Amino acid sequence: VTPGAWRLAGATVCCLGAMWCTPPTPARIEEAVSWLVRPALLPFAWQALELAQRSGDGGEAFGRAQQILRLLPTWTDGHVVFAYRFALDGGAAATGVDRVAAAWQRLQVALAWLEHARADAGRREVELLQAMALLPEVATAQQPGLAELLRPHGGAIAWADRYLAAAERLTDSKAVREQRTFLAPWLCAGLLASGARERAIAVLDTAITRAADVRDRALAVEWSTRLDEVRRALRGEPVDLTAVRADTRFQRLLPHLR
Amino acid sequence: MTWGRGTTALVCRHALRCGCLPTLVAAALALVGHHWVPLPIDAAPTSAGAATAWLQLPLCVAAAWCTFVALRMWPPFAARQPGSDVVVRQQGSALHGCAAALLGSCIAQAVLMLPVVLVLPAALGAPAAVRAHVAVPLPPTPVLHAGSPPLVARLPDLTIDAIVLRPLAGMPDGPLLASRVAASVDGEPVATAAEFREPHQVAHLPLPPARRHELTLRLDSGNVPLLFPPGAVEVVGAATHALATNGLLLLPLALLPGWLALALASLVGTAAALPTQTALVGVVLFVTTVGGLGPYDDAVRDLLRGRWLATAGVFPASASSLGLGGLAMILAMLVRRRCPR
C-alpha cells in the first residue's frame, strides 16, 4: 500500500466522519456554495446594481438588490434599506391614481421582501419588525393617496400594530413600540448613502411623529428636537448641529450632514 | 487548401464537436436557473435587465470552449508545442495558420451562439418590442442650477417619441425646493415637466412621434443643482424592432472576446508556452466578458433591457478591442517573420 493510498483513505474517513457529524442538507449545501462563490460574485453584483441605478429602471435595480441580498441573507441592514428605497421610490409612474396604485404595489412588495428576510434575521428580527412597522406610515406620509387603499386593511397604524405585536411576542417587552422612533438614524443613513435624501426626510417626518410614543417626556422632546435638526439640515436650512454631532446615536448620519 | 481539410475547417469542426454539449448544458442551466431559482420577490415585469448572468453563461461557455480548443489544437499558438515545427514548415502564411485557426474558432462560436442569442433573451423576459435609446450629447458644462443658462443639444436624426432624463442631483442651495426642468423641442414646450429632488430619479417625457432637431432644457424653479453626465439625456425611437434581430446584432459582439484572446495569443505565443498562453486567454476572456471591459457586457445588458443595439453605442465602443486585436496580429506577423522556427 503506497503512502498516497493511506492519505486518500484518511481523507475519505475524515470526509465521512464530517458528514456523519453534520449531515448535509440542501440548505447547508446552498449555504456552503453561497459562502464559496460570494467573494467572487459580490464585486460584480455591486457593479451591476450601480449600473442598474444609473441607467436601468426600478425593476432592474430591485432585481439586482435581491441578487446581492440572496448572497448576504443575514444582512438585515441591507434588506431594510433596499426595501425602503424600493417602497418609497416615486419612480416614473404617472400622476394621480396610477401613482397611488404603484405606491401601493411597491409597499406590499417591500413588506413581503422584509417578511421573507425575517427567517435569516436572527437576533435582529426585532429591529426588522420595527422597521416594517414604520414603513406603512412613512409610505402613507409620502403618498397621501395610499391612506385610502390602506383603510380597508385597518390603516397604516393597524399594519404597524401587527408587526409590533410580533416584535413584542419575541422580546416579551412593551418597549418595542416606543423604540421604533430610534431606528430613524440607522434607516436615514442607509437611504442617504444611496442619495435618497427625500426618502430620508420622509422617514424623519414619521420618526418625529412617533417620538410621541416615548413615555419619558423629556427624552421624547429631546429626541424629536434632534431629529428635527437633522431634517432641517437635510432640507438645506441653516441649523446648528452641535448637539447632533455630540450625540453618539447620530454617528452614522454625520457623514451625510454638512 | 480545401474547406474540408483546411485549418479553419479542422478547428471549426473540432471546436463544434467539443463545445456543443457544454454550451447546450449551460443554456439549459441558464433556463432552469432563471425559471426555477427565481428571485425571492418577483416584483416588476421590467427586471429582465437583472438577468444578464443567465444569458452570459452559455455565451461565455461557448466562447471559452472554442477558444481553448483552438489554442490547444493549433500548435503555433504556443512556443515549444509538439508538432509546431512541422506545422510551421508546412504553413506558408505569415501567422503560421493562427489566423485560420482563429477564424475556425470564431465560426464555431457563431454557430453555437446563434440559437442562444435568438431564443434565450425571450425566455429570460427581454421585451419583445425593441426600441432605440440614443444618448444626446450635451454642452461641455451640462449643469442646471439657479441662474445657469439653458442646455441646448442637437438631437440624433431619428423619429422619436420620448425623452428620458436621469440627472444627478446635488445638495440644495437653501431650503429644499425640487428642481423643475422644462424641456422644449424645436422651440415647442413639452407638455410634461420633470421634477428632481435626489439622484437616480428618472423622468419620461412623451412626445408625438416625429423627427426633431434641437432639445432645450431649462430650470424653471427649485434649488437642487442638476448635473447631466453622458447618457443622462436619452431620446427613445418611435420605431420598434424584433428581439431576434437584436439578438443577431449581439452575435458579432459576443465573438469579440474570443477573437481578441486568440489574437493576443498569436503574438505572445511566439515566446510563451502553453500554460502561459492558457492563463493569458483565460484572463482576457474573463475581463472582456464578466469583467465588463469592452462592449460585450453592455451589449448583453442592452439586449435584455430591450434597447436596439445598432444605436446603443456598443459597436463604436468595440473599436478599441478590434484595434488591439488587429495590432496584435500585425505584430505577430512581423515577429514570426523575423524569428522563423
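It should be emphasised that the depicted structure is a prediction, and the values quoted were computed from it without experimental measurement. Naming convention: chains lettered A, B, ... in sequence-line order (proteins, then strands); numbering from 1 in each chain.
Between A/R124 and A/E127 there is a salt bridge, with a side-chain nitrogen of the basic residue lying less than 4.0 Å from a carboxylate oxygen of the acidic one. A salt bridge does not link A/R232 with A/D240: none of the charged nitrogens is closer than 4.0 Å to a carboxylate oxygen.
For A/R70 and A/Q67, the side-chain atoms include no donor-acceptor pair closer than 3.5 Å.
Each of A/E237, A/E198, A/Q47 has some count of heavy-atom pairs under 4.5 Å with chain B, and the biggest count is that of A/E198. Heavy-atom pairs under 4.5 Å with chain B peak, among A/G195, A/A61, A/A117, A/S55, at A/S55. For chain A, the option among B/E198, B/R301, B/E234, B/H133 with the highest count of heavy-atom pairs below 4.5 Å is B/E198.
Both the backbone and the side chain of B/T52 come within less than 4.5 Å of a heavy atom in chain A. Contacts of B/R197 with chain A are made by both backbone and side-chain atoms, with heavy-atom separations under 4.5 Å. With a 4.5 Å cut-off on non-hydrogen atoms, A/R54 touches chain B through its backbone but not through its side chain. Residue B/V290 touches chain A through both its backbone and its side chain, counting heavy-atom pairs closer than 4.5 Å. Contact annotation for A/A196: both backbone and side-chain heavy atoms come within less than 4.5 Å of a heavy atom of chain B. When heavy atoms are compared at a cutoff of 4.5 Å, A/L69 does not approach chain B at all.
Proximity of A/I208 to A/D228: side-chain heavy atoms (C-beta onward) are separated by under 4.5 Å at one or more points.
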Between A/R231 and A/L227, does a side chain to side chain contact (heavy atoms under 4.5 Å, CB included) hold up when you go through it step by step?
CA-CA 6 Å; A/R231 181 173 63 175; A/L227 290 177; over 6 Å; no
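Residues B/Y296 and B/F286 place their aromatic rings such that the two centres sit no closer than 6.0 Å.
The environment of CD in A/Q251 is sparse: at most 12 heavy-atom neighbours from other residues, nucleotides or ligands sit within 6.0 Å.
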